[in-house]
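Numbering starts at 1 and runs along the sequence shown. Worth knowing before you read on, the calculation uses all heavy atoms, side chains too, and leaves out hydrogens, waters and symmetry mates.
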Amino acid sequence: MTATAPLPEGVRDLLLSRITDVADYPKPGVMFKDITPLLADPKAFGALTDALVALAGQYGATKIVGLEARGFILAAPVAVQAGIGFVPVRKAGKLPGATLLQSYDLEYGSAEIEIHAEALCADDRVMVIDDVLATGGTAAASLELIRRAGAEVAGVAVLMELSFLPGRERLAPTLGDAPLDALIVV
């Protein structure tokens, strides 16, 4: 598993300069990493998209999965630019038709995510994209869904990994040999 994906000169600093810290959000004691200024800057968002497209090529991805909700924002332009399909992984109850459902544990409770049952096939190599790797629960559940759909996990890429949380360790058993790349580790 890789830790930090190599970025062109200056791109890491550009991305970091557009991520703002919001103290005590969503609750006291939490330092929230807000990526909306990055999304509003076409140069920074374009550089982020280019970096993720490069990883999709390295992974040999044939489909891109974006995790609800900010993962959708990052993954969709990558899929378009790479010329491959985009598949959303949603919170349970948000997709019409036949779905595959995966439950996972949270710090306090549990959650469920789903994917369209016919969205992936055995020939697909799937790259998962999300904004932040924190505890790893949602990412691990998405890998389970991808494999249950019959597809191969090509890799996972995130804009930012929170190194003070156990996401990488929690995700490791589910990743297998697939790479995990974080563009920024904080």
- Go through the steps to decide whether Asp181 and Gln58 satisfy the test side-chain hydrogen bond (donor to acceptor under 3.5 Å, both in side chains), and finish with yes or no. CA-CA 11 Å; Asp181 285 291; Gln58 289 174 21; over 6 Å; no
- Message: For a side-chain hydrogen bond (donor to acceptor under 3.5 Å, both in side chains) check, start with the C-alpha distance between Thr138 and Tyr104, then their side-chain angles and the critical distance, and finish with the verdict.
- Response: CA-CA 7 Å; Thr138 306; Tyr104 62 101; 2.9 Å; yes
- Task: List the steps and the verdict of side chain to side chain contact (heavy atoms under 4.5 Å, CB included) for Val78 and Phe86.
- Result: CA-CA 9 Å; Val78 172; Phe86 168 75; over 6 Å; no
- Task: Starting from the C-alpha separation in whole Å, work towards a yes-or-no answer on side chain to side chain contact (heavy atoms under 4.5 Å, CB included) for Leu159 and Asp130.
- Result: CA-CA 7 Å; Leu159 166 59; Asp130 204 3; over 6 Å; no
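Between the side chain of His116 and the backbone N or O of Pro96 there is at least one donor-acceptor pair closer than 3.5 Å. In this structure, the side chain of Arg147 engages the main chain of Thr174 through a donor-acceptor pair within 3.5 Å. Of the possible polar contacts, one joining the Tyr59 side chain to the Val156 backbone as a donor-acceptor pair under 3.5 Å is found.
Interatomic distance, CG of Leu7 versus CG of Leu55, reported as 8.5 Å (0.5 Å rounding). Between the OG1 atom in Thr135 and the CD atom in Glu169 there is a gap of 11.5 Å [rounded to 0.5 Å]. Summarising the geometry, atom CD1 belonging to Ile113 is positioned 14.5 Å from atom NZ belonging to Lys94; distances are rounded to the nearest 0.5 Å.
Closest approach of Ala141 and Gln102 over heavy atoms only: O-CG, 3.6 Å. Shown here for Pro88 and Leu95, the closest heavy-atom pair between the two residues is O-CD1, 4.5 Å. Nearest heavy-atom pair, Val30 versus Tyr25, reported as atom, atom and distance to 0.1 Å: CG1-O, 3.1 Å. Residues Ile84 and Ile64 come closest through the heavy atom pair CD1-CG1, 3.6 Å. Between Ala134 and Leu165, the closest heavy-atom pair is O-CB, 3.5 Å. Minimum interatomic distance between Leu67 and Ser142 (heavy atoms only, all atoms of both residues): CD2-CB, 3.5 Å.
Salt bridge present: Lys33 and Asp21 bring a charged side-chain N and a carboxylate O closer than 4.0 Å. Note on Glu112 versus Lys91: no salt bridge recorded, every NZ/NE/NH1/NH2 to OD/OE distance being 4.0 Å or above.
Between Val186 and the choices Glu161, Met160, Met31, the side chain to side chain contact (heavy atoms under 4.5 Å, CB included) rule is met once, by Met160.
Two residues are said to be in side-chain contact when any heavy atoms from C-beta on lie closer than 4.5 Å; Leu52 and Ile129 meet this criterion. By the 4.5 Å heavy-atom criterion applied to side chains, Leu120 and Val126 are counted as neighbours.
In this view, Asp24 satisfies the salt bridge (charged side-chain N to carboxylate O under 4.0 Å, His left out) rule with no residue, not counting sequence neighbours. Every side-chain contact (heavy atoms from CB on, under 4.5 Å) that Leu100 has, sequence neighbours left out, goes to Ile115, Ala117, Leu145, Arg148, Ala149. Residues forming a salt bridge (charged side-chain N to carboxylate O under 4.0 Å, His left out) with Glu114 (at least two apart in sequence, or on another chain): none.
Leu16 is connected to Ile35 through a chain of hydrophobic side-chain contacts under 4.5 Å among Ile, Leu, Val, Met, Phe, Trp and Tyr, so both are in one cluster.
Side-chain N/O atoms of Thr62 and Asp124 include a donor and acceptor closer than 3.5 Å.
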